[in-house]
Amino acid sequence: MPRSSSSSLCCSLHPGFAFPDWAYKPESSPGSRQIQLWHFILELLQKEEYQGVIAWQGDYGEFVIKDPDEVARLWGIRKCKPHMNYDKLSRALRYYYNKRILHKTKGKRFTYKFNFSKVVLVNYPILDMANSPFFLAQNHFNGGPLK
DNA sequence: ACCGGAAAAT
DNA sequence: ATTTTCCGGT
């Protein structure tokens, strides 16, 4: 019988946003073999049960944290950091700016934007992104030849 | 709210 | 190397 879980694209709720599982796979960081914050964010973003907490909104890759306290709480649970809060979580997000994983959408409260091209290339070279909506999502971002 | 330095923790 | 903690400054 055909397997069900992973693979394919768990799209459904947003035009243009389907995330291949590899986009946020659990283990993929050399330094820390722990779940990465941006993996976690992608994880929440993918489940409609968290639409009231965090969701895609606006431009491609743009998402808004509707309930900062709740996102921080969930992140704290995942990392076993009971005292996590949005102030600290957001500092971690700010560290992503220079790494070009994220950037802030200025003027929009609690809104950040993924740099898809970086996020994809950082973990996976070139799979068959040709027909992936994920690939199609990177309509812009002209930061040059990626570092 | 958001930023980013500094230091500590993992 | 990434994130947590703390915090002065905008």
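Chain identifiers are assigned alphabetically (A, B, ...) following the order of the sequence lines, protein sequences preceding nucleic acid strands; residue numbering begins at 1 within each chain.
- A/Phe63 and A/Phe114 have tilted rings, their planes meeting at an angle from 30° to 60° on a 0 to 90° scale.
- A/Asp59 places no side-chain N or O within donor-acceptor distance of the main-chain N or O of A/Glu62, the cut-off being under 3.5 Å.
- Note: CE (A/Met84) to C1' (C/dT4) measures 6 Å, nearest angstrom.
- Contact between the side-chain N/O atoms of A/Lys79 and the OP1/OP2 oxygens of C/dT4 is found at a separation under 4.0 Å.
- In this structure, CD1 of A/Ile35 is placed 13 Å from C1' of C/dT3, rounded to the nearest angstrom.
- Annotation: A/Tyr86 is in aromatic contact with A/Phe110 [ring centroid separation under 6.0 Å].
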(request) Start with the C-alpha distance between A/Thr111 and A/Gln57, add both sets of side-chain angles, then the distance that settles side chain to side chain contact (heavy atoms under 4.5 Å, CB included), and finish with yes or no. (result) CA-CA 9 Å; A/Thr111 303; A/Gln57 192 162 105; 5.9 Å; no
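- Between A/Arg109 atom CZ and B/dC2 atom P there is a gap of 7 Å when expressed in whole angstrom units.
- With sequence neighbours left out, A/Tyr50 forms a ring-ring contact (aromatic ring centres under 6.0 Å, His included) with no residue at all.
- Look at CD on A/Gln36: it is 6 Å from C1' on C/dT2, rounded to the nearest Å.
- The separation between A/Leu102 atom CG and C/dT2 atom C1' is 14 Å, rounded to whole Å.
- Taking atom NZ of A/Lys81 as the reference point, atom C1' of C/dC6 lies 14 Å away to the nearest angstrom.
- Between A/His39 and A/Arg78, the closest side-chain pair of non-hydrogen atoms is not below 4.5 Å.
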Report all interatomic pairs (protein N or O, nucleotide N or O of nucleotides 3-6 of chain B) with separations under 3.5 Å.
from, atom 1, to, atom 2, distance (Å)
B/dC3, OP2, A/Tyr97, OH, 2.8
B/dG4, N7, A/Arg91, NE, 3.3
B/dG4, N7, A/Arg94, NH1, 3.0
B/dG4, O6, A/Arg94, NH1, 2.7
B/dG5, N7, A/Arg91, NH2, 3.0
B/dG5, O6, A/Arg91, NE, 2.9
B/dA6, N6, A/Tyr95, OH, 3.2

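- Between A/Ile101 atom CD1 and C/dT3 atom P there is a gap of 7 Å when expressed in whole angstrom units.
- In this structure, A/Asp67 and A/Asp69 have side chains that are in contact, with non-hydrogen atoms separated by less than 4.5 Å.
- The shortest distance between side-chain heavy atoms of A/Lys88 and A/Lys81 does not fall below 4.5 Å.
- Using modelled atom types, one side-chain atom of A/Lys104 and one backbone atom of A/Lys108 make a donor-acceptor pair closer than 3.5 Å.
- Atom OH in A/Tyr86 sits about 19 Å away from atom P in C/dC6, given to the nearest Å.
- Residue A/Tyr96 places at least one side-chain N or O under 4.0 Å from the OP1 or OP2 atom of C/dT3.
- No contact: A/Leu89 has no heavy atom under 4.0 Å from any strand.
- Look at A/Lys88 and you'll find a side-chain N or O under 4.0 angstrom from OP1 or OP2 of C/dT5.
- Annotation: proximity of residues 69-76 of chain A to DNA chain B (heavy atom, distance under 4.0 Å) is found for no residue.
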